[in-house]
Amino acid sequence: MAARKAIPAETRLRLFSGAAGFCQKPDCLEALFPAEMGGDKHIAEMAHVIPHGEAGPRHEDRPADDFDPDAFENLILLCPTCHTKIDKDPEAYPRSILLNWKASHLGRLAHKQGIRAYDDRDQARTAFAGIMAENRAIWEKFAPEEGSDFEYDPESGTAAVWDQRMRSVILPNHYRTLAIIDANLGLATEEERRTFAEYQEHVRGLCERHICGVSGRAIRFPGAMDGMFA
């Protein structure tokens, strides 16, 4: 039997970005980067909705046309316990339910975290200002300077500290900020919406590098974010 190909990095990136660091089973929503593990190591498992084989869980729901089991649309990010549950009892967890979990995940997560739409711009800004201030403080203390040697030496101690802060603090803060702003885009100007799109791409690049292990550089943090809802 030929070895199964690894799930493409782009697909892994979309999964981790879409899950925002939490299990996508609605009654779980547990952190996939547990604090007890330092917050920088994940326990996430990429679960197939429809399996590769002809006898796995939910195999009878396999589409008749050309089908790629490793496509983003057929994967969901879960903690190990929930992954085991859905595969042990596929009749209770059919394809339609799993896809609904994935589609509604960010909304459910925002509700659990107390994220909501606010009445005015000042309230919306206050909701994420402290989070962004924490990120800035960490960046100023630990981020590599432009052109520094450790940026190209992942084995250095300084690089290890930066990576740990990125995965355990900065990215979770970014995910929460994204959710807050997304819930309040109705208060944003057109220019702020463009800034938000740049910010999303910035966070995506950080996730690509620090979680999915894909080389490359994220676009710079858009300076206009400092004026969001101001």
Side-chain angles (χ1 to χ4, degrees), residues 6-51 57-58 68-88 90 93-116 127-128 131 135 163-183 185 196-197 199-214 216 218:
I7 293 173
E10 177 69 19
T11 301
R12 289 186 281 119
L13 172 61
R14 291 181 66 190
L15 284 169
F16 274 91
S17 295
F22 293 86
C23 175
Q24 292 184 306
K25 189 171 185 288
D27 58 356
C28 178
L29 297 179
E30 289 299 316
L32 296 174
F33 289 79
E36 57 268 27
M37 293 174 60
D40 63 337
K41 299 179 179 65
H42 75 78
I43 58 170
E45 295 187 357
M46 293 176 282
H48 289 82
V49 176
I50 305 298
R58 295 168 297 277
D68 178 9
D70 291 334
F72 170 78
E73 292 74 15
N74 189 54
L75 294 165
I76 183 170
L77 211 62
L78 301 170
C79 69
T81 299
C82 290
H83 190 182
T84 299
K85 283 181 179 179
I86 70 164
D87 282 357
K88 288 287 187 182
Y93 302 109
R95 180 173 182 254
S96 59
I97 285 180
L98 301 186
L99 294 182
N100 177 264
W101 289 356
K102 186 176 174 181
S104 60
H105 173 69
L106 291 179
R108 295 177 191 271
L109 182 60
H111 178 75
K112 179 183 178 182
Q113 294 177 331
I115 293 169
R116 62 183 180 86
F128 66 82
I131 302 171
N135 275 8
D163 282 341
Q164 192 277 338
R165 295 295 195 282
M166 177 62 68
R167 291 191 291 267
S168 64
V169 182
I170 292 179
L171 274 170
N173 279 350
H174 278 317
Y175 289 140
R176 185 171 177 81
T177 299
L178 284 171
I180 293 170
I181 297 176
D182 186 63
L185 274 181
F196 180 60
Y199 176 53
Q200 287 177 302
E201 183 59 27
H202 170 72
V203 176
R204 183 179 185 275
L206 294 178
C207 179
E208 184 174 42
R209 182 171 189 177
H210 293 277
I211 293 181
C212 297
V214 179

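We're numbering straight along the sequence, starting at 1.
Between H202 and Y199, the two ring planes are parallel [angle under 30°; tilted spans 30° to 60°].
If you take NE2 on H210 and CD1 on I170, they are separated by 8.0 Å, rounding to the nearest 0.5 Å. Here the straight-line distance linking atom CG of N74 with atom CZ of R95 works out to 7.0 Å at 0.5 Å rounding. Taken from CZ in R176 to CG in N173, the straight-line distance is 9.0 Å, to the nearest 0.5 Å. A distance of 11.0 Å separates CD1 of I7 from SG of C212, quoted to the nearest 0.5 Å. The OG1 atom of T81 lies 8.5 Å from the CD atom of E45; values are rounded to the nearest 0.5 Å. Here the CG atom belonging to L98 is positioned 7.5 Å from the CG atom belonging to L78, to the nearest 0.5 angstrom.
Take S96 and apply the side chain to side chain contact (heavy atoms under 4.5 Å, CB included) test, not counting sequence neighbours, and it matches P94. Taking the side chain to side chain contact (heavy atoms under 4.5 Å, CB included) definition, one finds that A71 meets it with D68, E73, sequence neighbours left out. In terms of the ring pair (Phe, Tyr, Trp, His ring centres under 6.0 Å) criterion, Y175 has no residue partners (sequence neighbours excluded). For P172, there are no side chain to side chain contact (heavy atoms under 4.5 Å, CB included) partners, not counting sequence neighbours.
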Let me check something: any side-chain donor-acceptor pairs from residues 27-38 under 3.5 Å, sequence neighbours excluded? List them with distances.
{"from": "D27", "atom 1": "OD1", "to": "K25", "atom 2": "NZ", "distance (Å)": "2.6"}
{"from": "D27", "atom 1": "OD2", "to": "K25", "atom 2": "NZ", "distance (Å)": "3.1"}

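In this structure, R58 pairs ionically with D87, as a charged nitrogen and a carboxylate oxygen lie closer than 4.0 Å.
Between R167 and D40, the shortest heavy-atom contact is NE-O, 2.9 Å. Residues A183 and I115 approach most closely at CB-CG2, 4.1 Å, considering heavy atoms. Scanning all heavy atoms of the two residues, the minimum distance from A44 to L77 falls at CB-CG, 3.9 Å. For the pair C79 and C23, the tightest heavy-atom approach, listed with the atom from each and the gap, is N-SG, 3.4 Å. Nearest heavy atoms, P69 versus I50: CB-O, 4.1 Å. Across all their heavy atoms, Q24 and H105 have their closest contact at CA-ND1, 3.5 Å.
Side-chain contact check for L99 versus V49: some heavy-atom pair is nearer than 4.5 Å. Between F72 and K102 the shortest side-chain heavy-atom distance falls below 4.5 Å. At a threshold of 4.5 Å between non-hydrogen side-chain atoms, the residues H48 and D70 count as touching. With a 4.5 Å cut-off on side-chain heavy atoms, L206 and L171 count as touching.
Applying the salt bridge (charged side-chain N to carboxylate O under 4.0 Å, His left out) definition to pairs two or more places apart or across chains, those involving residues 7-20 are E10-R204.
Shown here is K112, whose NZ atom has more than 12 heavy atoms of other residues, nucleotides or ligands within 6.0 Å.
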Pair I180-I131, side-chain contact (heavy atoms from CB on, under 4.5 Å): steps then yes or no: CA-CA 11 Å; I180 293 170; I131 302 171; 4.1 Å; yes
